[in-house]
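Step one of this worksheet: look at the structure below.
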Amino acid sequence: MIRTAALALALLASPAFAGKKKSEDAAPPAPPAPPAAPAAPAAEAAPAGAPTPADIYEYRHQAFEALGKHMKASSLMAKGRAPARQADMVAHAQAMQGLSTYLLDMFPAGTGPDVVAETEALAEVWTDWTGFQARAQDFATESQALVTTAQGGDVAAFGAQLGKVGATCGACHDSYRKGD
Amino acid sequence: MWALLGLGLALAGDLPPGDPARGALLEGLAGCQACHTSEGGAPLAGGYRIETPHGDFYSPNITLDPTTGLGDWTERDFVRAMRRGRAEGQHLYPAFPYGSYTAMTDQDLADLWAWMRSVPPTPQSSRPHELERFRWRGALAFWKLLELDRGPRRPLDDAQLDRGRYLVDAVGHCGECHTPRNGLGGLRDRLAMAGTDDPPEPAPDIRPATLGWSARDWEDFLADGMTPEGDVVGGEMGRVIRQGTARLSAADRAAIARWMREGVE
């Protein structure tokens with residue numbers, strides 16, 4: 001219930017999915033939202049141009065791949081294998097922090113493993129939405145701190161904070177990603 | 001031959017003096033706490049559930065608590081468990097990976113035992129295993145006959161490769177999750193590190209031809225859990241990194257990297 005509301009809010013707030021209609025079979029009272037559409041499988045019948053669950057998965061997958069690349073690029077700087085210019089550290093940190101602001105929006109109900117076979121997201125993302133939100137919040141907090149650290153320009157501090165960001169990735173993968 | 005020699009030495013009960021600090025480093029890679037500590041529980045007090053295709057095991061309390069733990073175990077008892085999978089007159093299930101630990105050196109066993117004795121005793125009973133097969137422990141004697149190759153391995157000429165193999169196969173027991181098993185639960189050596197979909201969670205194929213990682217890719221991953229793609233692993237492997245490989249020396253991580261690239265086919 002809470003999660004439905006949170007999801008709906010997240011969806012409404014998200015430009016990426018503003019056009020996407022959703023409904024939740026488990027929880028009836030729908031917050032102010034576009035007229036209820038049938039659940040995920042019918043997404044193909046959605047208005048032309050609206051993202052299907054497979055589309056949402058594909059975008060989500062690419063966004064996390066990008067996040068990983070920023071992590072890796074940052075770690076090369078932290079290890080002294082790439083020039084650690086302050087502006088570059090900030091750019092990577094901001095990209096990661098930026099993703100944290102819409103991370104939850106990328107997991108609307110109806111895009112789990114029961115609908116999109118390719119996804120590595122476990123059903124627990126949606127059945128334990130509160131827990132998942134908490135992990136996402138940890139990532140938001142630590143990546144925000146990474147931006148601050150990067151602005152300070154100290155490579156060692158940047159590397160240490162990057163480790164904390166990485167720990168939030170791993171902690172979430174622990175419970176919510178297949179095979180972890 | 002080497003196996004017999006190693007066994008003969010250790011079963012005589014005369015391990016070299018152990019160093020608990022060294023043992024503490026080893027235990028991270030060996031995973032003693034990882035499997036013998038329940039979530040939020042006291043170290044080594046057991047009760048951790050290990051899912052396998054044969055059912056669920058609950059790890060025993062291996063603190064020195066006199067009633068619920070190892071109590072009056074001697075060093076010799078410890079070595080017997082680690083090298084021969086026997087304890088208190090019973091055959092142990094290989095969910096406790098003595099098939100790997102059997103190859104640990106006398107010195108490392110001594111250090112590990114010294115560390116274990118430094119862990120405070122905690123009274124806490126574990127739960128009985130919930131097995132679908134192999135409920136009769138006597139069958140394990142037969143299993144050992146077929147699957148257990150006791151004692152340290154013959155050293156390789158190349159010291160770094162030898163160290164890498166030792167850390168991977170004996171202490172780290174990587175193959176226990178990453179190598180497919182035969183119908184009896186024995187590791188299929190020819191498919192070493194080829195990955196499995198078995199519980200507790202799928203373990204990927206990490207053979208060099210599949211992975212294509214450089215030495216540095218490996219060393220970075222073992223230090224901080226980040227793959228070359230920037231993925232940060234969680235789950236069981238996340239614990240292996242945090243508690244085990246991240247705490248090893250850079251030289252040991254380099255040895256593991258080399259073995260994974262050159263020793264594994």
Side-chain angles (χ1 to χ4, degrees), chain A residues 60-82 92-93 95-96 99-100 103 113 120-122 124-125 131-132 134-136 138-139 142-143 146 156 158-180, chain B residues 28 31 34 37-40 48-49 51 174 177-178 180 193-206 210-247 250 253-254 257:
Chain A
R60 178 165 84 203
H61 179 70
Q62 295 299 345
F64 275 99
E65 289 283 306
L67 174 60
K69 301 296 180 190
H70 283 293
M71 283 294 292
K72 193 69 185 182
S74 302
S75 83
L76 294 181
M77 289 184 179
K79 290 188 165 82
R81 291 190 215 144
H92 288 301
M96 291 189 261
L99 189 141
S100 78
L103 190 151
E120 291 180 334
L122 294 175
E124 279 77 359
V125 167
F132 185 64
R135 298 284 79 75
D138 291 344
F139 169 59
E142 298 297 351
S143 59
L146 186 67
F158 179 72
Q161 184 57 34
L162 190 67
K164 291 187 188 173
V165 174
T168 69
C169 303
C172 189
H173 295 166
D174 263 356
S175 311
Y176 302 103
R177 187 172 71 169
K178 190 175 153 189
D180 272 88
Chain B
T37 306
S38 59
E39 202 166 324
Y48 180 79
R49 183 167 66 120
E51 290 173 68
C174 309
C177 287
H178 284 279
M193 309 299 171
T196 82
D197 285 326
D198 295 337
E201 63 185 33
D205 181 344
I206 52 171
T210 314
L211 221 47
W213 283 9
S214 69
R216 201 149 75 170
D217 290 341
W218 267 108
E219 289 164 33
D220 285 350
F221 175 71
L222 296 169
D224 61 19
M226 203 187 295
T227 69
E229 295 77 36
D231 188 8
V232 180
V233 296
E236 297 292 330
M237 195 62 210
R239 293 203 300 164
V240 170
I241 304 272
R242 285 192 303 278
Q243 300 172 6
T245 58
R247 295 163 64 201
R253 281 194 293 271

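Excluded from the calculations below are hydrogen atoms, water molecules and symmetry mates; all remaining heavy atoms, backbone and side chain alike, are included. Chain A is the first sequence line, chain B the second, and so forth, proteins listed ahead of strands; every chain is numbered from 1.
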Q) Using a heavy-atom distance cut-off of less than 4.5 Å, which residues of residues 159-174 of chain A contact chain B? A)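 Only A:Gly166, A:Cys169, A:Gly170, A:His173, A:Asp174 of residues 159-174 of chain A have a heavy atom under 4.5 Å from chain B.
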Is atom [atom1] of [X] surrounded by more than 12 heavy atoms (other residues, nucleotides or ligands) closer than 6.0 Å?
{"X": "B:Asp205", "atom1": "CG", "value": "yes"}
{"X": "A:Arg81", "atom1": "CZ", "value": "yes"}
{"X": "A:Gln62", "atom1": "CD", "value": "yes"}

Q: Below 4.5 Å from any heavy atom of chain B, which atoms of A:Lys178 appear? Answer side chain, backbone, both or neither.
A: neither
Q | Members of residues 235-244 of chain B whose heavy atoms come closer than 4.5 Å to chain A | A | B:Gly235, B:Glu236, B:Arg242
Q) Roughly how far apart are B:Thr227 OG1 and A:Met71 CE, rounded to 0.5 Å? A) 10.0 Å
Q: Kindly compute the distance separating CD (A:Glu65) from CG (B:Asp231), expressed to the nearest 0.5 Å.
A: 8.0 Å
Q | Shortest non-hydrogen separation from A:Lys79 to B:Asp220 and the atoms involved | A | CE-OD1, 3.4 Å
(Q) One pair to check against salt bridge (Lys or Arg N to Asp or Glu O under 4.0 Å): B:Asp217 and A:Lys72. What are the steps and the verdict? (A) CA-CA 11 Å; B:Asp217 290 341; A:Lys72 193 69 185 182; 5.4 Å; no
